[in-house]
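Structure record follows, encoded as structure tokens.
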Amino acid sequence: QVQLVESGGGSVQAGGSLKLSCAASGYPYGSYCMGWFRQAPGKEREGVAAIYPGGGTTYYADSVKGRFTISRDNAKNTLYLQMNALKPEDTAMYYCAARGATCGGGSWYTSSRYAYWGQGTQVTVSS
């Protein structure tokens with residue numbers, strides 16, 4: 001049974017930092033592209049970042065470049081998202097997701113290409 005369990009969300013003031021984790025099980029984690037997505041109330045789910053199975057290639061949404069860092073530990077089947085310089089507009093439910101062996105290059109942010117999803121962890125940034 002595939003499981004993706006996010007943790008690390010919370011409330012923080014603008015300018016602060018949080019580190020999200022996603023523990024994966026039930027599938028060959030080290031062979032899958034992993035992504036982070038977020039969804040704010042009333043908005044569509046959007047891709048935040050993605051990372052290839054080996055961790056050598058990453059993608060970021062323009063809105064988080066230079067502030068967020070995606071990483072993975074394949075020995076621990078865990079995905080991370082280090083979020084620095086947080087802004088109120090980063091407030092959302094954050095989800096981790098898994099797709100196949102490739103992140104798809106220009107389609108890395110397409111949520112429909114991801115087969116497995118976690119339940120999400122809430123991030124709230126106050127001004």
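This chain uses plain numbering: 1 for the first residue, then up along the sequence.
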Test of understanding: with side chain to side chain donor-acceptor pair (under 3.5 Å), list the residues that count as partners of [X], not counting sequence neighbours.
| X | result |
| --- | --- |
| Glu89 | none |
| Tyr52 | Thr102 |
| Gln82 | Asn84 |

Considering all heavy atoms, the nearest [X]-[Y] contact:
| X | Y | value |
| --- | --- | --- |
| Glu6 | Gly120 | OE1-N, 2.8 Å |
| Pro88 | Ser126 | CG-C, 4.5 Å |
| Ala92 | Arg38 | CB-CB, 3.8 Å |

Test item: Thr121 side-chain N/O and Gly9 main-chain N/O as donor-acceptor pair under 3.5 Å: yes
Polar side-chain atom of Ser63 near backbone of Ala61 as donor-acceptor pair, under 3.5 Å: no
Disulfide bond (SG atoms under 2.5 Å apart) contacts touching residues 43-81 (sequence neighbours left out): none
Disulfide bond (SG atoms under 2.5 Å apart) contacts touching residues 85-127 (sequence neighbours left out): Cys22-Cys96, Cys33-Cys103
Contacts of Tyr114 that satisfy ring pair (Phe, Tyr, Trp, His ring centres under 6.0 Å) - sequence neighbours left out: Phe37
CD on Gln39 to CD on Glu46, rounded to 0.5 Å: 9.5 Å
Interatomic distance, Arg72 atom CZ to Ser21 atom OG [nearest 0.5 angstrom]: 13.5 Å
ILVMFWY cluster membership beyond Tyr116 - transitive side-chain contacts under 4.5 angstrom: Val2, Leu4, Val12, Leu18, Leu20, Tyr27, Tyr29, Tyr32, Met34, Trp36, Val48, Ile51, Tyr60, Val64, Phe68, Ile70, Leu79, Leu81, Met83, Leu86, Tyr94, Val123, Val125
Residues forming a salt bridge (Lys or Arg N to Asp or Glu O under 4.0 Å) with Lys43, sequence neighbours excluded: none
Partners meeting salt bridge (Lys or Arg N to Asp or Glu O under 4.0 Å) with Arg67 (sequence neighbours left out): Asp90
Within 45° cone of Trp108 ring axis and under 6.0 Å: Arg99 NZ or CZ: no
Heavy atoms from other residues, nucleotides or ligands near OH of Tyr109 exceed 12 (cutoff 6.0 Å): no
Pairs where residues 109-124 contributes a residue and the test salt bridge (Lys or Arg N to Asp or Glu O under 4.0 Å) is met, not counting sequence neighbours: none
Residues forming a side chain to side chain contact (heavy atoms under 4.5 Å, CB included) with Gln3, sequence neighbours excluded: Ser25
